[in-house]
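Heavy atoms only: backbone and side chains are in, while hydrogens, waters and symmetry mates are out.
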Amino acid sequence: MAQTDGLAFNIGAFTSTLFLLEFGADKFITHTAAVASRIGVSEVIIGLLTAGAEWEELAVVVASLAQGRSSLALGNVIGAAISNILGAFSLGLLCYEREKTVEFDRSSQIYSLLTLALTTAVSPVIYFSTRITWMVCGPLLVVAFGLYFVLIAVAIGRGVLTAPEDSDTSDDEDGDEDDDARSATSSRGLLATSPGTSARAYPRRNRHRLAYHGLYLLFGFLAICLAGYVLSQAAINIVDRLGMSDILFSVVIIAIATTLPEKFVAAVSGYRGHPGILVANCAGSNIFLLSLCCGIIMIDSKEGLDGGNVTVSELVVLWASTAAFTATVWFGAGFSRWIGGIMVVCYVAFIALEFTVIHGTAG
């Protein structure tokens, strides 16, 4: 009975902490953008830091590593990357208006190609997790993320690419609709403003000072840290009590739970006819996961994963789904609805196979 109560408590803690994680990410991203706007940081930099950046996933990764569960961290990254394509991107395609044809621009094609190139390079490195490869590739991935950030910012500044559309823009909770609120991006909304919108179009009420946004930024960051710790600890307790594999639980359960906001953003962006947001949300998230998050895991786990590595089947699904994502953006716009349906079916099949075949918990 005590074990059952403990399991129920940890499941409740895991579920409720998801709300704290999203709340903290919302405040952190919103007020980071507001602070950046106040101190004169480029809107391009703000967009790259907020559109598609998986700060929630990074919090879970760091918290899992701090508790010595590197396999849980890696499984979460791989599962979230798969879910972003087969779960979120597919929903965006299915929700797109029937009367309109999906049109992906040049920037979307480049972002998708970058995602495929990174996935192709990282997948074998993850599978062959030797000390030497991870000691070398871990720092390289972190550096690669920084280089990607700089190069994309330069390309956008020169007009070669368009900035990732803020799939996360919304008003502050206090009605602060001035320049700060328009440039700020809460983690989960879809009220993007056009680049040419003048600040005068919004009433300047409740204009807050820099210290206000700074305090909320700190509050959001602390909420993310706390939520990441509780979420990873609850996940560890659930895994231990159920006797599940770290990889199985993180690839399926944690990944689905932490990517629910991406699915919402994808569905709304598809419904409102914003394919650029749809692609930026997916590509940006996966680049963040497979470069920065994977790099941090490799740096911390150079001695080896504590609970086993992801399987070749999971990496094949990751690469194949990314290839399908890229092919859709480049060549499959005319069949997007059919592709979205197939992706959803494949995701359901993948989850079923995780439990019954890949990790064999059904037997």
Checklist entry - So if you build clusters from Ile, Leu, Val, Met, Phe, Trp, Tyr with side-chain heavy-atom gaps below 4.5 Å, do V102 and L94 land together? => result no
Next on the checklist: Would you say that L318 contacts T119 through its side chain, given a criterion of any heavy-atom pair below 4.5 Å between the two side chains?
Outcome noted: yes
Checklist entry - With side chains defined as the heavy atoms from C-beta onward, is the minimum distance between Y111 and S107 less than 4.5 Å? => result yes
Item to check | Rounded distance (nearest 0.5 Å) linking atom CD1 of I287 with atom CG of L118 | outcome: 6.5 Å
Next on the checklist: Quick check: do S291 and Y148 have side-chain heavy atoms less than 4.5 Å from each other?
Outcome noted: no
Checklist entry - Looking only at heavy atoms, what is the nearest atom pair of C294 and I126, with distance? => result SG-CD1, 3.9 Å
Next on the checklist: Any heavy-atom pair between the side chains of V239 and L248 that's under 4.5 Å?
Outcome noted: no
Checklist entry - Which word best sums up how the rings of F350 and Y347 line up, parallel for under 30°, tilted for 30 to 60°, or perpendicular for over 60°? => result parallel
Checklist entry - Looking at G138 and M298, what are the two nearest heavy atoms and their distance? => result CA-CB, 3.7 Å
Item to check | From OG (S90) to CD1 (I339), nearest 0.5 Å | outcome: 11.5 Å
Checklist entry - What are the two closest non-hydrogen atoms of A80 and A255, and how far apart are they? => result N-CB, 3.4 Å
Checklist outcome for this item: side-chain hydrogen bond (donor to acceptor under 3.5 Å, both in side chains) filter on T120, not counting sequence neighbours, yields W319
Next on the checklist: Taking the side chain as everything from C-beta on, heavy atoms only, tell me whether L289 gets closer than 4.5 Å to N84.
Outcome noted: yes
Item to check | Heavy-atom pair of closest approach, residues G75 and S250 | outcome: CA-OG, 3.1 Å
Checklist entry - To the nearest 0.5 Å, how far apart are CZ in F89 and OG in S285? => result 13.0 Å
Next on the checklist: Counting C-beta onward and ignoring hydrogens, is there a side-chain heavy-atom pair between E314 and I247 closer than 4.5 Å?
Outcome noted: yes
Next on the checklist: Between F249 and I238, does the side chain to side chain contact (heavy atoms under 4.5 Å, CB included) criterion hold? Intermediate values first, please.
Outcome noted: CA-CA 9 Å; F249 188 82; I238 294 172; 3.7 Å; yes
Checklist entry - Which distance, rounded to the nearest 0.5 Å, do you find between the CG of N76 and the OG of S71? => result 12.5 Å
Checklist entry - Are F355 and V312 connected, step by step, through hydrophobic side chains (Ile, Leu, Val, Met, Phe, Trp, Tyr) whose heavy atoms are closer than 4.5 Å? => result yes
Next on the checklist: How long is the straight-line distance from OG1 of T328 back to CD1 of I85, given to the nearest 0.5 Å?
Outcome noted: 9.5 Å
Item to check | Residue of the set V329, T326, N286 for which side-chain contact (heavy atoms from CB on, under 4.5 Å) holds with L116 | outcome: T326
Checklist entry - Tell me the salt bridge (charged side-chain N to carboxylate O under 4.0 Å, His left out) pairs involving residues 60-75, sequence neighbours left out? => result R69-D240, R69-D246, R69-D306
Checklist entry - Can you find a heavy atom in the side chain of F325 that is under 4.5 Å from one in the side chain of V279? => result yes
Item to check | Polar side-chain atom of S16 near backbone of G12 as donor-acceptor pair, under 3.5 Å | outcome: yes
Item to check | In one Ile/Leu/Val/Met/Phe/Trp/Tyr side-chain cluster, 4.5 Å: I296, L140 | outcome: no
Item to check | side chain to side chain contact (heavy atoms under 4.5 Å, CB included) evaluation trace for N237 with F14 | outcome: CA-CA 10 Å; N237 292 339; F14 179 88; over 6 Å; no
Checklist entry - Going from OG on S321 to CG on L86, what distance comes out if it is rounded to the nearest 0.5 angstrom? => result 4.5 Å
Checklist entry - Checking side chain to side chain contact (heavy atoms under 4.5 Å, CB included) for the pair L292/L141: CA distance, chi angles, key distance, verdict? => result CA-CA 6 Å; L292 182 61; L141 285 174; over 6 Å; no
Checklist entry - Who passes side-chain hydrogen bond (donor to acceptor under 3.5 Å, both in side chains) against T17, sequence neighbours left out? => result none
Checklist entry - Less than 4.5 Å apart, any side-chain heavy atom of L65 and any of V61? => result yes
Next on the checklist: Set out, in order, the CA-CA distance, both residues' side-chain angles and the distance that settles side chain to side chain contact (heavy atoms under 4.5 Å, CB included) for T311 and L315, then state yes or no.
Outcome noted: CA-CA 7 Å; T311 66; L315 292 174; over 6 Å; no
Next on the checklist: Tell me whether W134 contacts the main-chain N or O of V125 through its side chain, where contact means a donor paired with an acceptor under 3.5 Å.
Outcome noted: yes
Checklist entry - Is there a path of hydrophobic side-chain contacts, each under 4.5 Å between heavy atoms of I, L, V, M, F, W or Y residues, that connects I256 with V348? => result no
Checklist entry - Hey, is the main chain of Y96 close enough, under 3.5 Å, to the side chain of R337 for a donor-acceptor pair? => result yes
Checklist entry - Are L278 and F335 joined in one hydrophobic group, where the rule is that I, L, V, M, F, W and Y side chains link up if heavy atoms are under 4.5 Å apart? => result yes
Checklist entry - When you check the side-chain N and O atoms of T133 and T130, is any donor under 3.5 Å from an acceptor? => result yes
Next on the checklist: Can you confirm if the aromatic rings of F145 and F288 lie within a centre distance of less than 6.0 Å?
Outcome noted: yes
